[in-house]
Amino acid sequence: MMALHMAIHAALVDRRRSIVAAKALYGATIHLLVKILEPSGISVRFADFNNLEEVEKAVAEEKPGCLLVETISNPLLRVVEIDKLASIAKAANAAFIVDNTFATPLVSRPLEHGANMVVHSLTKYLSGHGDVMGGAIISDAEHIETLQATARAIGPNLGPFESFLALRGIKTFPLRMERQCQNACRVASWLAAHPGVDHVYFPAIPNTPTPPLRAACSRRDFSAPL
Ligand SMILES: *Cc1c(COP(=O)(O)O)cnc(C)c1O
């Protein structure tokens, strides 16, 4: 959460103090926006980031300094079109921040699709052992100096032991992530075919589960060498 807070700070240092954020976001992120940033004078507006027209309208009206979205949202697993959102942000001279915690760099690298700053919780997939908390910001060149200066001034840096634990976790991250993706496909396919389940939220097929879901899962080759 500190990584996210720092990224938003770096985005708004020299831009309009206004954020257009996705409606589908992690609960603590909504809390950060509404309960901490808004009372400090930053205006916050939510839009459905799966509806590009709605985002364009919000951006035209708010003239935000920053757009914020999750690649795969927590918990509803909404997947957005990063490249199109990046163009909207760029045209409005807003920084584009992507929380890539759920996707991880193995599944998506938003910087390559036009994001300015990508935020990860290290606590989850990347560290993977449930024994360390941390965050990371992957930044473009434009924001890196502000981020470094902010880190020095505010002091959220990970301690040496936590850094060690996070690096240890990252060594096994690709193996764990591939297996977790395979397992998720099997669980989602099983649930989608279950008569007692009427809706499955799964990125392979957002709205209509059952047979296409199974096809989408088996088509994806998670066992390919990295
Ligand atoms: C968990 C989570 C966070 C916060 O991570 P912490 O390591 O608990 O601070 C931020 N964004 C998303 C999408 C998350 O799932």
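Note that the structure is predicted; figures quoted are calculated from it, not measured. Order of listing sets the numbers, starting from 1, for every ligand and every atom in it. Heavy-atom basis, side chains included; hydrogens, waters and symmetry copies ignored.
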Neighbour list for ligand 1 [protein residues, heavy atom under 4.0 Å]: M1, Y26, E70, N74, D99, T101, F102, S121, T123, K124, G134
Pair K84 + E56: basic N to acidic O under 4.0 Å: no
Test item: V107 and N100 side chains (from C-beta on) under 4.5 Å apart, heavy atoms: no
Salt bridge (Lys or Arg N to Asp or Glu O under 4.0 Å) pairs, two or more places apart, involving residues 58-69: R45-E61, R45-E62, K57-E61
Qualifying side chain to side chain donor-acceptor pair (under 3.5 Å) pairs, either residue in residues 148-161, two or more places apart: none
Electrostatic pair K90-D83, nearest N-O below 4.0 angstrom: no
Residues that, via side-chain heavy atoms closer than 4.5 angstrom, fall in one hydrophobic cluster with L85: V20, F49, L52, V55, V59, L67, V69, V80, I82, I88, F96, V98
